[in-house]
Amino acid sequence: MKNVKGIDTNDMRAMVEAFPSLLCLTKPDPSIMTVASQTFSSGLEGVCIAGMGGSAITGQMTKALLAQKAEIPIITWRNYEIPRCVTKKWAVICVSYSGNTEETLSAFETAKKVGGTLFVVTTGGAILGQSRDLPVALLPKGIQPRAALPAIFSIVLPIVEALVGVGSTDFSKLSVILNGLVKRWGKEIMSPRNLAECTRSLVPLFIGSGHLASVAYRAKCQINENAKAVAFNAELPEANHNEIEASHMYQESGIVPIFLRSTHESKRMSARFAATDAVYRQNDCAPIHVRLSGLSELEEVLAITHYLDMLSVDAADIRGVDSVRVDRIAELKRRLAEGS
Ligand code: PA5
């Protein structure tokens, strides 16, 4: 049994149960935070967070939470190289749990050539070998990258907060809050197990808005990767301009919309959710609403992610699949390596 701080890293359920404590597993070294604060004061023009899969999602969440407060753009990048708008007046954060993901290595190499401030978040691999003299945040090894989200987030969010000068999050407090919220599963919202049972032969379509759009995308990826099942995500208001026209087919296609609701929604956004719900119902499809009251935007992002991560593990159990193994991703990487 491999383990990190007593968590069995061969057991996805154990890793998801440890979500709140993983938020406090590590934090950026003070020297990294000093580089980030100095970079902010030096007239930074933008922040680019590069990474793939489980390593990328914290960038998307960070952007969703900070973009409206930051005076400079925060962008995420899931591809080779980096966009041309990223100059040496930008900071780039390359996140790769393994340190060996080829797209992220390509982004890293390009960012090095561009010459801005470059941060690396990893456990090791090729990226670490090429990061001498760079600010590197080392993550503990052995966790599945997607299950390491809380640990990665506890590094990426503080670095970006310092880069854009917007204060800092207390992760120990967050961890305590998240632990307490688990007790509300099965009361205020259906337990993840019940939701997994109710949707067992259906295809979930996670729909979020604002900061919860990133959570909808994460949930889709977790159902794909952990439960080896089809899932989709969409975002309001955009989905009201296209996706909604397909809702007459949801029932026959076995699609169940799962609305991720925020207590911070504007009145107009609440009206959109209500109207979308009504249109879907007219088309014989009843959306499920997931909402936890009394939380900040950041707490909502983490709490609903934790809840839906557990849904993906329960869905995997019900389907009788191993949520840790990712054989098709391994097979694809093998084929790409053979072809190169
Ligand atoms: O969660 C996973 O296992 C994947 O989505 C990986 O995160 C993805 O393949 C990228 O790998 P890494 O996170 O090691 O850069």
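Note that the coordinates shown come from a computational prediction; the quantities given were computed from them, not determined experimentally. We count ligands from 1, going down the list as the structure has it; atoms in each ligand are counted the same way.
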What is the nearest protein non-hydrogen atom to [atom], stated with its residue, atom name and distance?
atom                    : value
atom 8 (C) of ligand 1  : Met52 O, 3.9 Å
atom 3 (O) of ligand 1  : Arg146 NH1, 2.9 Å
atom 14 (O) of ligand 1 : Ser98 OG, 2.6 Å
atom 9 (O) of ligand 1  : Lys333 NZ, 3.9 Å
atom 13 (O) of ligand 1 : Ser55 OG, 2.5 Å
atom 4 (C) of ligand 1  : Glu225 OE2, 3.1 Å
atom 12 (P) of ligand 1 : Thr101 OG1, 3.2 Å
atom 7 (O) of ligand 1  : Gly54 N, 2.9 Å

| query | Which atoms from ligand 1 have a heavy atom of Ser96 less than 4.0 Å away? | reply | 12 (P), 14 (O), 15 (O)
| query | Against heavy atoms of Gly53, which atoms of ligand 1 measure under 4.0 Å? | reply | 5 (O), 7 (O)
| query | What heavy-atom pair brings Asp277 and Arg281 nearest, and what distance separates the two atoms? | reply | OD1-NE, 2.6 Å
| remark: Closest heavy-atom pair, Ser96 versus Thr122, reported as atoms and distance to 0.1 Å, is O-OG1, 2.7 Å
May I ask you to decide whether [X] forms a salt bridge with [Y], counting only side-chain N to carboxylate O separations under 4.0 Å?
X      : Y      : result
Lys113 : Glu109 : no
Arg218 : Asp309 : yes
Glu338 : Arg335 : no

| task | Compute the shortest N/O to N/O distance between Gln144 and ligand 1 and return yes if it is under 3.5 Å, no if not. | result | no
| query | Looking only at distance, does Thr104 have an N or O less than 3.5 Å from an N or O of ligand 1? | reply | no
| query | So, Gln60 and Thr76: side-chain donor and acceptor under 3.5 Å apart, yes or no? | reply | no
| request: Please assess Arg328 against Glu331 for the test salt bridge (Lys or Arg N to Asp or Glu O under 4.0 Å), listing each intermediate value before the final yes or no. | output: CA-CA 5 Å; Arg328 294 170 192 89; Glu331 166 68 6; over 6 Å; no
| request: Report, as yes or no, whether the 6.0 Å neighbourhood of atom NZ on Lys27 holds more than 12 heavy atoms from other residues, nucleotides or ligands. | output: no
